[in-house]
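Atoms within a ligand are numbered from 1 in the order they appear, just like the ligands themselves. Nothing here was measured: the structure is a model prediction, and the numbers come from that model. For the numbers below, each heavy atom of this structure counts, side chains included, while hydrogens, waters and symmetry mates do not. The residues of the chain are indexed from 1 along the displayed sequence.
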Amino acid sequence: SRVPFSLLHLWVLHFWIVLIGCSSILKTVSVFLILSTVNLLDSRSVMGDLGWVAYPKNGWEEIGEVDEDYAPIHTYQVCRVMEQNQNNWLHTNWILTEGAQRVFIELKFTLRDCNSLPGGVGTCKETFNMAMKESRYIKIDTIAADESFTELDLGDRVMKLNTEVRDLGPLTHKGFYLAFQDLGACIALVSVRVFYKRCPFLVKSLAEFQDTIPGSEASQLVEVVGRCVNNSLPLYEPPRMHCSTEGEWLVPIGKCVCQTGFEEINGSCQVCKVGFYRSLLESLACSKCPPHSMARQAGSTACSCEDGYYKIDSDPPNMACTPPSPVSVVRKGLTGKSSIALSWAEPDRPNGIILEYEIKYFEKEQDSSYTIIKSKETEMEVEGLKPSSVYIFQVRARTSAGYGAFSRRFEFQTSPYSTSERAQAWIVAVAITLALVLLAVVGFLRCGYSKAKQDPEEEKMHFHNGHIKFPGVRTYIDPLTYEDPNQAVHEFAQEIDVSFISIERIIGAGEFGEVCSGPLRLPGKREIQVAIKTLKAGYTEQQRRDFLWEASIMGQFNHPNIIRLEGVVTKSKPVMIITEYMENGSLDTFLKKNDAQFTVIQLVGMLRGIASGMRYLSDMGYVHRDLAARNILVNSNLVCKVSDFGLSRVLEDDPEAAYTTRGGKIPIRWTAPEAIAYRKFTSASDVWSYGIVMWEVMSYGERPYWEMSNQDVIKAVEESYRLPGPMDCPEALYHLMMDCWQRERSNRPKFDEIVCLLDKLIRNPSSLKKLVNSSHRVSNLLVEHASVEGSCSTRSQNVGEWLDSIKMGRYTELFMEGGYSSLETVAQMTSE
Ligand code: AMP
């Protein structure tokens, strides 16, 4: 009835011989493990004596074996299952941590099933303990066999090779000991591997991220700032990545781009070739010099005009050089305190029919900031000038061949004011400026493209250092302000010859026709994959206009989280809009397909991207009106980009849009109450929609308000009910959603505050550990709304701080004197 010890011994050895046959397979597997892990101990790779200590001496014992290459194998076994009170220890030697604060221990072992022992169970155990010592011994875990592992058939018995991994941290010393305690089991410890994971050196988006050891806490992320590769620099913000304890790089933020005069080819920056230039960091590749200009050296940031051709410094770099302008003399007419009448002669030999004139003017010696007015006549009155001030005027003509060069400069002075008049004018000017700033801040200044007062034919634009600048904050230009929509398209979108595009696959259906994908090969540029939206045959002129509307809007944006327009095809049929290709398609479908597949940090990374794109749009003065997960596209790097600018003003194409009582079509579930009730669409209503997108993302594409009817949704929201926190949603994110759904729109966070908060959460992932109270998600019921202040809020400002923040701090005293001492009183100020 008793099993002789020698028999058990034999049994372990028998197993080990079978295992040797598999050792070459195990070696192949470990090659993959080495990639981002560093071994601190691997008992199988130690050639000589392991030097581990067994206590008592008749407990654990080493079996000296060699593999097929005669390399030693260290296996420790113990099998004192028939004797009472076993307490057998096996201590490793000192294992250096090499600076790692969290390590992993992988054990491979066999454990005899007590029931299979001949003669009954006796005192047999089926577990053993693992402990560690920095300064004193601490138990790590009790280790049991896991049956799901490799089964090796040994005659009539089945043996299981188990692999168990435990992690250990935070470690505070330079090293530690491991120990294994047996209390009467039959164990063969085949291998012990101690390793740490690290995020390996990585080059991404032209930034190098150094090999990084993760932090000590299980969910901690270590933020690493990347170094831009040679001849590149950061765009918008320094590139950052986050190293997780699993040794993975997560949440890329920011990127590097090649400096001007260089372009990215295969992950490095190469100089632009002779005849090419690159002037803007935002542009992807070097471009060919425009007509009648050249770049004689490689690495040019601009092209210079050929002899006999000209353009002015402030002309955009892609503008052709032209022969000198035929308008040569500008005369001054009636001069007032704030106006000067100008006239000029029509040129004798214009190179084509003159379409219009441009009058450029600025105050003398202040040429970094100038204004351009357009006129179809050869005379005009320039208004809004300062009294008694010298202005510089230049005129140029535009024909179908483009603009000519500006005429030489003409200096004219306005007539003087009396002292009292000047003081009065100053006060009026301050009041008007403040009212304008105030209106811009509260979001009333809607259109940056203002028509000059003097003549509807004349259009006025303000420039600063070569960029169009409007007096408010807005720089987005509504294509509606163009009489001819085709002009708007070509102002903002590059015409692409259809021969450069190959259509390879159909990837979706748009309102106007199929959406396809394929390569775009522009001459002198690297091939890229693009999405191609087509306009189906038999369209009306109105449909063509509506279709190209999207390109006129998209072409004005340049941001890593906004879908990028490559150009349009309008000169051949079908008409096409070409955009960058987003491999993972729209976000709602992508999330549904990958339910529960992402870490919280990955989801927050996606939300951060969307918020950053929306911050850019709201800074541009563009209100999206249809922000929803279905209108976000995802690329292969999980970067989310805002898209669908097509009919965001009419929303005819969105299947979610429903008619409201006022006749407009609105995607009710995503839209703020004030926008549903009285079409008050603002960046604050986009913030509401952003909150719904957050909810969609955290619930992996669940339909907001499930199958409730639109009418019920409106009613519930009106009665202060809100969506409950999605399952496993961090509380901090749910608070942010609830903030986005504040009834009072001025209480909702701004997009820059949202980006700031999400950045904070990403930097400190432990803040994401606390999940929403389970009572918030017991069922599909909506919850009563309670507001929570965002920690990045700037809402509790006083008047002085507010004026400082808009660089108008010098007027604080004037506000106080006028009785405007709180933001509430300021908000009630009228333009009068
Ligand atoms: P849209 O008309 O913009 O709503 O596009 C219709 C569908 O085509 C979308 O839902 C996407 O699945 C797909 N699609 C549109 N644009 C792209 C793109 N740039 N990259 C990949 N897929 C796209």
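Annotation for ligand 1: atoms under 4.0 Å from non-hydrogen atoms of Ile507 are 21 (C), 22 (N), 23 (C). Listed by number with element, the atoms of ligand 1 under 4.0 Å from a non-hydrogen atom of Lys533 are 1 (P), 2 (O), 3 (O). Using a 4.0 Å cut-off to heavy atoms of Asp644, the atoms of ligand 1 that qualify are 4 (O). Against a heavy-atom cut-off of under 4.0 Å, Gly510 is close to the following atoms of ligand 1: 2 (O). For ligand 1, the atoms sitting less than 4.0 Å from at least one non-hydrogen atom of Val515 are 5 (O), 6 (C), 8 (O), 14 (N), 15 (C), numbered in the order shown with element in parentheses. Ligand-side atoms of ligand 1 in range of Thr579: 19 (N), range being under 4.0 angstrom from any heavy atom.
Judged as a side-chain hydrogen bond (donor to acceptor under 3.5 Å, both in side chains), and not counting sequence neighbours, Glu248 has no contacts.
When Gly585, Ala509, Ser586 are checked for heavy-atom proximity to atom 7 (C) of ligand 1, Ala509 turns out nearest.
In terms of N/O distances under 3.5 Å, ligand 1 is not approached by Ala531. Checked against a 3.5 angstrom limit, the closest N/O atoms of Glu580 and ligand 1 fall inside it. Between Glu511 and ligand 1, not a single N/O pair is under 3.5 Å apart. Close N/O approach between Tyr581 and ligand 1 is not found [any backbone or side-chain N/O within under 3.5 Å].
Here the shortest heavy-atom pairing between Leu758 and Val604 reads CD2-CG1, 4.1 Å.
Between Phe598 and Tyr700, the angle of the ring planes stays under 30°, which puts this pair in the parallel group of the 30/60° scheme. Ring geometry for His559 versus Tyr236: interplanar angle under 30°, hence parallel rather than tilted (30 to 60°).
With a 6.0 Å radius and a threshold of 12 heavy atoms from other residues, nucleotides or ligands, Phe500 has its CZ atom above the threshold. Under a cut-off of 6.0 angstrom, the local environment of NZ in Lys273 is sparse, with at most 12 non-hydrogen atoms contributed by other residues, nucleotides or ligands.
Within the 4.0 Å heavy-atom criterion, neither part of Asn631 lies near ligand 1.
Looking at Arg278 and Glu263, no side-chain N of the basic residue comes within less than 4.0 Å of a carboxylate O on the acidic one, giving no salt bridge.
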Kindly indicate, with the supporting measurements, whether the criterion side chain to side chain donor-acceptor pair (under 3.5 Å) is fulfilled by Glu495 and Thr570. CA-CA 7 Å; Glu495 177 75 27; Thr570 63; 2.6 Å; yes
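In this structure, the side chain of Arg505 does not engage the main chain of Gly518 through any donor-acceptor pair within 3.5 Å.
By the 4.0 Å heavy-atom criterion, Glu550 is excluded from the residues contacting ligand 1.
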